[in-house]
Structure formats: C-alpha cells, structure tokens
Amino acid sequence: ALANEEEARQWAEEYNAEAQVVWYDNVVASWNYNTNLTDYNQDESLKYSAIKAAFDRESGLTASSYDYENFEDQLLARQFRKIADIGEAVLSEEDFNRQSELRAEMQRIYSTAEACNKPGDDDPDKCYPLDPDLEQIMATSTDWDELKWAWESWRDVSGRLMPDMYEEYAGLLNKAADMNGYDDNGDYWRSWYEMETFAEECERIWQQLRPLYEQLHAYVLRKLKEVHADHIDEFPFTGHIPAHLLGNMWSQSWGNIEEFVRPAPEKPGLDVTEEMIRQGYTPLKMFELSEEFFTSLGLIPMTEKFWDDTMMVKPDDRDVVCHASAWDFYNQEDFRIKQCTEVSMSWLITTHHEMGHVEYFLQYKDLPVQYRDGGNPGFHEAIGDVLALSVSTPEHLEEIGLLPDFEDDPDGDLNFLMNQALAKIAFIPFGYLIDQWRWNVFSGETQKEDYNTDWWEMRCRYQGVAPPVGRLATDFDAGAKYHVPANTPYIRYFISHILQFQFHKAMCDAAGNTNPLHRCDVYRSEEAGTAIGDLMKLGSSVHWEEALEAMTGTTEMSAEPLVEYFGPLLEWLEEQNAGETIGWSNECPEGTIVP
Ligand SMILES: O=C(CCC(O)(O)[C@H](Cc1ccccc1)NC(=O)c1ccccc1)N[C@@H](Cc1c[nH]c2ccccc12)C(=O)O
Ligand SMILES: [Zn+2]
C-alpha cells in the first residue's frame, strides 16, 4: 500500500491544481447566469457544468482505482474518499445535461415569477415579483385579503408550474445516487453528516425543542386572533395558524409580527429597521458594518475583489436570481456575495449570514479543494448566524447607535428574547420539515400525486399552520420555496439553529462573558475570534465531531445552549399560556386540500 500511496499523493497534488482551474470556470459561468438570466448564459452555464462533471467523473474513477481505504495516511484517504464522491457527475452526459437543464428551468421560473391582478389595483396588468414586492407585503400588511392574495398568487405562479419537472428531476438525482451506491438521493445527502443515526438525531432534537415551539405558537395564535378579529371565523378550530398571517411568505420566521406579540408593548421593540432607514443606512453600509464585526474578532477582512464584484442590490436592467448566496471561485482570491439587499434589520442579519460563508471561504482557502467545505453543511450555515446573535443584542445595537431609547429592565429583556424567538424558535419546525418531505420524495414514500397532500400534512403537523385557501392536490407548494427548485438541501439550517447556540456559548465563554447567554456580545474579543476561526480553518478535513469538540468540549449536537438562551422567555410564555389550550391537531383542517 505504501508504494502507490506515494504515487497517490503526487496525483492528488496535480488533481488539486487542475481542479482549481476547471471549478473556477464552472463557477464563473454559474455566476454569470445567476446574475443575468439569459438563454446564452444558461447555455454557457450548462456547458461549463458538463465540462466540470466530465473532469469530476474522470478524477473520481482515478481516485477509486487506488486502494485508499487501506492507506496509512488517513488524511490522504479522506481526501480520496471525497474525490471519489462525485454526485450527479456519475450520470451519462445525456442524463447529466437533462438534470442541469431541469434545475436551470425551475430556477428561472422561480426567479422571474410575478403575481398580477392585485385587489384594489386599477391596472390588472400590474405585476409584482417576490423580491422585494411580495415579501414586503407579507412583512408589512395586516390586511387579511391582501395577504391572502400575495400568499396564493405567489404559489400559483411559481410552484404550480413545476411538479412534472420536479418528478423527472428527482428521478435523475436518485439514478445518480443509486449509481454511487446510495439507497436514494436522501441517503446521499444524509451521508454528508458522517453518522449512521443522523435522521434519528434530528428527530430527537426536534422532540426536545417541540415544547418550546408549542408555547410560542399558542401565544402567537392568541394574539393573531385579536389582530384579525374581523376574520376570527376563518381560524381553523383545529388550532392551526393561517399561514399568511405570520409576516413571511413561508411562515418560517415571524419577526415581522413582533409588534403584535411584544411582551411589554409600551416599551420599544428590538426591530431597528425604522432607525436604520431614519439614519440613511445603505446596503454598502450594512456590508461594511458586518465586515467590521468580523475583523473586530481578528477574523479575515473581505478581499478587494469581493468589494468590486459582489452584487449587493437587485439590478433594474436584467433578470437575476435574487435569493441570497455566497460564492467561492476556488482560486483562493475571488469570493462574492449575490443578494437583493433592502434596508432592514432582517437584511442586516442576512448580510451577516452570507458574510459568514465568505469568512469560511477565506479561512480554508489554502486547503486542497476537497476540504474547502464546512465541517458539515450545518457548520457553514451557522457562522454568520452566530455573529448575528451578538449583533442583535441590545448592548450591541446601542453601541452602534441603532437603539437610542432601550430601557434595560426585565420588560426590555423579554421584548428582546421574544424578538429572537420569532426568528429562531419559529424556524425550527420549518427547518426540519422541508427535507423530511424531500427525503420521502427520494425514497419513493411520496409519489407525485401525493406531493402537495404530503407537503401540507407535514406543514400542519410540524409547523401548526394551514393554508388560508384550499390547495389542489396537483399544486406544488414545496416549489414555492427557493431551495426546492434550486435543489439546495435544507436540514443544514435546522442543524445550524442548534449548532449556532453551541458555538455562541463557546465564544462567550472564550470572551470571558458574565452576562446571561442571551445578552452576550463577543464584539472585539480576539479569544472568541480564535475559537471560531480555528474551527473554520479545518474546513472539512476532519470529522465535524472532532472540530465541534475542539471548540465546545463535546462531540454531540446539543439543544442545551439554545434552551438556556431562551429560558427566561419560556417561563414567561408558560405563565401567559396557563389555562389556555396548547398545540394543534396532527391532521390538517377540513378544506386544506380541495378537489
Ligand atoms: O437560504 C438562506 C440563505 C442562502 C444561503 O446563504 O444559505 C445560500 C443558499 C444557496 C445554496 C446553494 C446555491 C445557492 C444558494 N447558501 C450559500 O450561499 C452557501 C455558499 C457556500 C457554502 C454553503 C452555502 N437562508 C434560509 C434560512 C435561514 C437560515 N438562517 C438565516 C438567517 C437569516 C435569513 C434566513 C436564514 C432561507 O432563506 O430559507
Ligand atoms: Zn447560508
């Protein structure tokens, strides 16, 4: 094994140099398509994606020709295992191109869809895109019918057009997974977490956090019944919340209804959007504010090219994929963000989220390309959110002048915790259910005729929401959420919502914090920066449990820090909910799916 191990090491060096070039070309073509959705750019993107696939397939075969499981050097073995894991590139050129084309088409439908015939519009041909128009309506309107129009129209012009494409697409993903030795594409996606019991782990964590979510849901439902008293008879008696009332197109984060559920309504809330607008914040200022937080921890600043090439706002002269994303060009110097930034607190948080991805790119940029990835996908999603936990504190918002009149008393503390819960606790079941549904599609448990029925069964059961209007079995409401047409796995965000509180606690301890966990701000702590920086430097070169243990002292994902963080709010919610009904029926209310 030693002889060819030396040869293998040589080959891996050459492979790495070549991969950087082939992968760079592919990312450039993908960037050009995502930032200018033309037929020409789609063809170029498919062309370079096929070239990358041919290279990955060839390299995978070479890697597999070595007996790498018996290498002495376990790091080299891990590298070969990753080179051999080629995903869809295993498909024939025809199948590969077909799945690429289907994904690009679904992405284009999603990114260019517009809703028309808005009630009250004199011009019925006036149409509204998701970003920023429909999201703005969902975030700010309290008009039941306007919210219902936006919610229903978006699904009719996006997901409804996709079920046939998605069925064919899922079939090709499963074909690739099968050729790579996995049961199905869900099995392949779960393999990235390198633990036999990953699905069980997720269920265990969900069951542990469910009581917290049920308390929040019960309180929010009661408050929404007051706000929408004029439609009280349209609230299902099953205890589900009508999905269009939660301030978000997918009911996945409820921060936009904060004013209706604030524990001490006479005291100021923690959503600083108005103050940002009053102070003339711009997207650039938001990016610079975020970068300054990272560098205050001693982390690496954004590169010159980052500032030149990032797409910060929605262009007005072409179609783009607006959904936020961060881009590693695999040439160790070109890193970008693409997002359609609006000036608001939630966009300030998203900017930190995206910059967290870029910081990870910077920290692992000198590793072999195989290792330029998160310890597991949840790690990558957690970095930016961890720093945003500090930025969101009243301490920090006061320090940067966005919270002039905060009164730091028990009421203020609860108002803050509620604002955080509306983002973090509300998200948990949503982060969990998307891939529960997709894993069932890939395993065959959910067939096309049941796509929408099973989707709503899960939305009703896990999230306790129901559609404000009957849905057809032939609709495809899953397709109205970016990650489904974009084929971006989603359980990573669920995992991130657990890990980010473990990382936060470790950073707060490193910074010598003595505040309660939810009031900890690690701003300017080099020790905290070193803790998270060392985790990022590892990339995916070691098992994530090793990286987690080095930073937090445990190899286990644990909801403990999250429960500690929200402790005071849970107590308050239990008092407020005393004597009230908690929870909702597992089945959807009558009329959820209509013939
Ligand atoms: O989708 C995103 C942000 C987009 C992303 O940064 O995760 C992006 C998704 C994506 C993946 C692949 C192709 C295109 C888009 N992921 C990345 O850009 C990315 C880049 C490199 C490594 C890993 C992820 N957030 C989720 C939920 C979410 C979790 N934390 C949040 C904080 C603020 C706002 C939203 C969220 C959502 O909007 O439903
Ligand atoms: Zn992300």
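In listed order, ligands and their atoms are each counted from 1.
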Does [X], backbone or side chain, put an N or O under 3.5 Å from an N or O of ligand 1?
X	answer
His323	yes
Tyr493	yes
Phe361	no

What N/O/S atom of [X] gets nearest to the Zn ion (ligand 2)?
X	answer
His357	NE2
Glu381	OE1
His353	NE2

Centroid separation [X] to [Y] less than 6.0 Å:
X	Y	result
His497	Phe430	no
Trp189	Tyr193	no
Phe379	Phe503	yes
Phe335	Phe306	no
Tyr364	Tyr360	yes

Which protein heavy atom lies closest to [atom], and at what distance to 0.1 Å?
atom	answer
atom 12 (C) of ligand 1	Thr488 OG1, 3.7 Å
atom 32 (C) of ligand 1	Asp385 OD1, 3.7 Å
atom 4 (C) of ligand 1	Ala324 O, 3.1 Å
atom 20 (C) of ligand 1	Ala326 O, 3.3 Å
atom 3 (C) of ligand 1	Glu354 OE2, 3.5 Å

Using a strict threshold of under 4.0 Å (side-chain N to carboxylate O), is an ion pair present between Asp56 and Lys52?
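A salt bridge is present here (some side-chain N lies under 4.0 Å from a carboxylate O).
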Between [options], which one has a non-hydrogen atom sitting closest to [atom]?
atom	options	answer
atom 39 (O) of ligand 1	Phe494, Tyr490, Tyr482	Tyr490
atom 24 (C) of ligand 1	Glu381, His380, Lys481	Glu381
atom 33 (C) of ligand 1	Asn34, Thr350, Asn248	Thr350
atom 17 (C) of ligand 1	His353, Gln252, His357	His357

Side-chain heavy atoms of [X] within contact of [Y], under 4.5 Å:
X	Y	value
Arg336	Met311	no
Val343	Thr282	no
Thr310	Lys338	no

May I ask you to check if any N/O/S atom from His380 comes under 2.8 Å of the Zn ion (ligand 2)?
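Short answer: no, not a single N, O or S atom is under the cut-off.
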Taking 2.8 Å as the cut-off, does an N/O/S atom of Glu354 lie below it from the Zn ion (ligand 2)?
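No, since none of the N, O or S atoms of Glu354 sits under 2.8 Å from the Zn ion (ligand 2).
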Quick one: sort the [X] and [Y] rings into parallel, tilted or perpendicular, breaks at 30° and 60°.
X	Y	answer
Trp437	Phe476	tilted
Phe329	Tyr24	tilted
Tyr482	His323	parallel

Which ligand 1 atoms, with their elements, are less than 4.0 angstrom from a heavy-atom of His483?
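Taking each heavy atom of His483 in turn, ligand 1 has 1 (O), 2 (C), 37 (C), 39 (O) under 4.0 Å.
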Hey, which atoms in ligand 1 end up nearer than 4.0 Å to a heavy atom of Ser325?
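Reading through ligand 1 atom by atom, the close ones are 14 (C), 15 (C), 18 (O).
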Applying salt bridge (charged side-chain N to carboxylate O under 4.0 Å, His left out) to Asp385 and Lys424, what does each step give before you reach the verdict?
CA-CA 10 Å; Asp385 284 14; Lys424 301 295 181 183; 3.6 Å; yes
Right, does atom 36 (C) of ligand 1 have protein non-hydrogen atoms nearer than 4.0 Å?
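It does not: no protein heavy atom is found less than 4.0 Å away from atom 36 (C) of ligand 1.
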For ligand 1, is Ala486 a contact, meaning one of its heavy atoms is under 4.0 Å away?
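It does not, in that no heavy atom of Ala486 comes within the 4.0 Å cut-off of ligand 1.
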